[in-house]
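Below is one structure, written out as structure tokens, with a few remarks after it.
Because only heavy atoms are used, hydrogens play no part in the values below, and waters and symmetry mates are left out as well, while side chains stay in. Just follow the structure's listing: the first ligand is 1, and inside any ligand the first atom is 1.
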Amino acid sequence: MICKTEAEVALMKEAATLVSKTLAEVAKELKPGITTMYIDTLCAKFVRDHKAIPSFFNYRGYPHNVCASVNDVIVHGFPNNIALKEGDIVSIDMGVILNGWHGDHAYTFILGEVSDEVKRLVRVTKESLYKGIEKATVNNRVGDIAFAIQEHTERKNGYGVVRELVGHGLGRSLHEDPQVPNFGKRGTGTKLKENLVLAIEPMINMGTKDVYTDDDGWTVRTRDGKPSVHFEHDVCVKKDKALILSDYSIIEAAEKANPNLNTNY
Ligand code: MF3
Ligand code: CO
């Protein structure tokens with residue numbers, strides 16, 4: 001586990017904020033008819049124009065700049081040339097390296113009208129991320145974060161919490177210790193220290209927690225074909241209250257200003 005200095009945390013906030021700004025660009029552009037490949041190109045250009053590198057490209061052979069996970073795709077969806085349509089839910093997960101430091105976070109967007117069931121899944125998943133973040137304080141344990149997320153999604157709302165994929169430490173590498181599962185027991189796991197930076201990322205299914213991976217070796221889908229939602233924040237552990245390094249407010253402002261996106265959830 002690598003804890004950062006205050007100066008390093010400040011640099012990581014810049015990296016995380018660049019991801020947020022990139023996702024805000026996505027929020028401006030999203031509408032039925034465009035493709036996730038278009039989003040991939042847009043994001044890569046925006047990141048490079050800001051003197052950073054899209055970090056997912058070629059990570060363990062990943063062949064794109066962003067992960068674009070639509071409807072029953074949980075994470076690691078390949079951008080493609082299929083037009084998005086009204087009623088789709090789209091998670092865009094993006095990573096950058098800026099001045100040697102990683103930012104990595106994700107946001108799920110709703111295109112137009114969807115059922116109340118889908119809205120509730122999006123709302124509850126986002127809420128669970130903040131419930132996890134509330135536990136990211138010094139002397140708490142990873143299991144406290146995990147429990148809080150599982151409690152809100154699985155126990156309170158009956159959703160499926162993905163077991164195969166977890167959050168992680170973040171720094172000069174995309175994945176550092178500790179792993180941060182979205183399920184677990186209170187008071188267990190690694191003890192959190194000041195200035196540990198974590199990517200907390202609930203991946204929550206409307207139905208079964210079970211998943212399968214496409215033949216491409218990456219695309220992870222729900223077993224039952226029901227939708228899944230993914231939100232991710234970069235968070236710095238502090239004594240009383242975690243510091244969120246990524247910034248959803250700029251994404252949410254762009255999302256609200258785009259009439260093609262549904263923010264009424
Ligand atoms: N947020 C995801 C993760 O932390 C994205 C990684 S996609 C990959 O694992 F392409 F970089 F693998
Ligand atoms: Co991540």
Against ligand 1, does F57 come closer than 4.0 Å with any heavy atom?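 Flag not set, F57 not near ligand 1.
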Taking a cutoff of less than 4.0 Å between a non-hydrogen atom of the residue and any ligand atom, is R60 in contact with ligand 1?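 Heavy atoms of R60 never come under 4.0 Å of ligand 1.
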If the plane angle is over 60° it's perpendicular, under 30° parallel, otherwise tilted; pick one for Y248 and H105.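 The arrangement is tilted - the two ring planes meet at 30° to 60°.
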Candidate list T213, D72, N205, N71, test side chain to side chain donor-acceptor pair (under 3.5 Å), partner R221, passing option: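 The single option meeting the side chain to side chain donor-acceptor pair (under 3.5 Å) with R221 is D72.
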Region of [X] that comes within reach of ligand 1 [heavy atoms, distance under 4.0 Å]:
X: L174; result: side chain
X: D104; result: side chain
X: A106; result: neither

Provide the number and element of each atom of ligand 1 under 4.0 Å from a heavy atom of Y59.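 Answer for ligand 1: 8 (C), 11 (F), 12 (F).
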Using the ring of Y265 (Phe, Tyr or Trp, six-membered ring only), decide whether R123 places NZ or CZ under 6.0 Å from its centre and within 45 degrees of its axis.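 Ring-cation test returns no.
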When you measure from the centre of the six-membered ring of F147, is the NZ or CZ of R155 under 6.0 Å away and within 45° of the axis?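 Checked: cation-pi criterion met.
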Does one hydrophobic cluster hold both L170 and L243, with members joined at side-chain heavy-atom distances below 4.5 Å?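 In one cluster with L170: L243, yes.
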Going by atom types alone, do [X] and [Y] pair a side-chain donor with an acceptor below 3.5 Å?
X: Y130; Y: H233; value: yes
X: H168; Y: E176; value: no
X: N182; Y: Q150; value: no
X: N262; Y: N264; value: no

Where is the nearest protein heavy atom to [atom]: which residue, which atom, and how far?
atom: atom 10 (F) of ligand 1; answer: Y62 CG, 3.0 Å
atom: atom 1 (N) of ligand 1; answer: D93 OD2, 2.6 Å
atom: atom 4 (O) of ligand 1; answer: H168 NE2, 2.7 Å
atom: atom 3 (C) of ligand 1; answer: H175 NE2, 3.3 Å
atom: atom 7 (S) of ligand 1; answer: C67 SG, 3.6 Å

Have a look around the Co ion (ligand 2) and list protein N/O/S atoms under 2.8 Å, or say none.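 D104 OD2, H168 NE2, E201 OE2, E232 OE2, with waters left out.
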Provide the full list of salt bridge (charged side-chain N to carboxylate O under 4.0 Å, His left out) pairs with a residue in residues 240-260, sequence neighbours left out, each pair given once.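 Only K126-E252 qualify under salt bridge (charged side-chain N to carboxylate O under 4.0 Å, His left out).
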Regarding ligand 1, does H230 bring an N or O atom to under 3.5 Å of one of the ligand's N or O atoms?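 The answer is no, given that H230 and ligand 1 share no N or O pair closer than 3.5 Å.
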E232 to ligand 1: N or O pair under 3.5 Å?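 E232 vs ligand 1: N/O contact under 3.5 Å present.
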Step by step, work out the ring pair (Phe, Tyr, Trp, His ring centres under 6.0 Å) result for Y59 and F57. CA-CA 6 Å; Y59 179 82; F57 187 77; over 10 Å; no
Lys/Arg N to Asp/Glu carboxylate O, R120 vs D116, below 4.0 Å: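 No.
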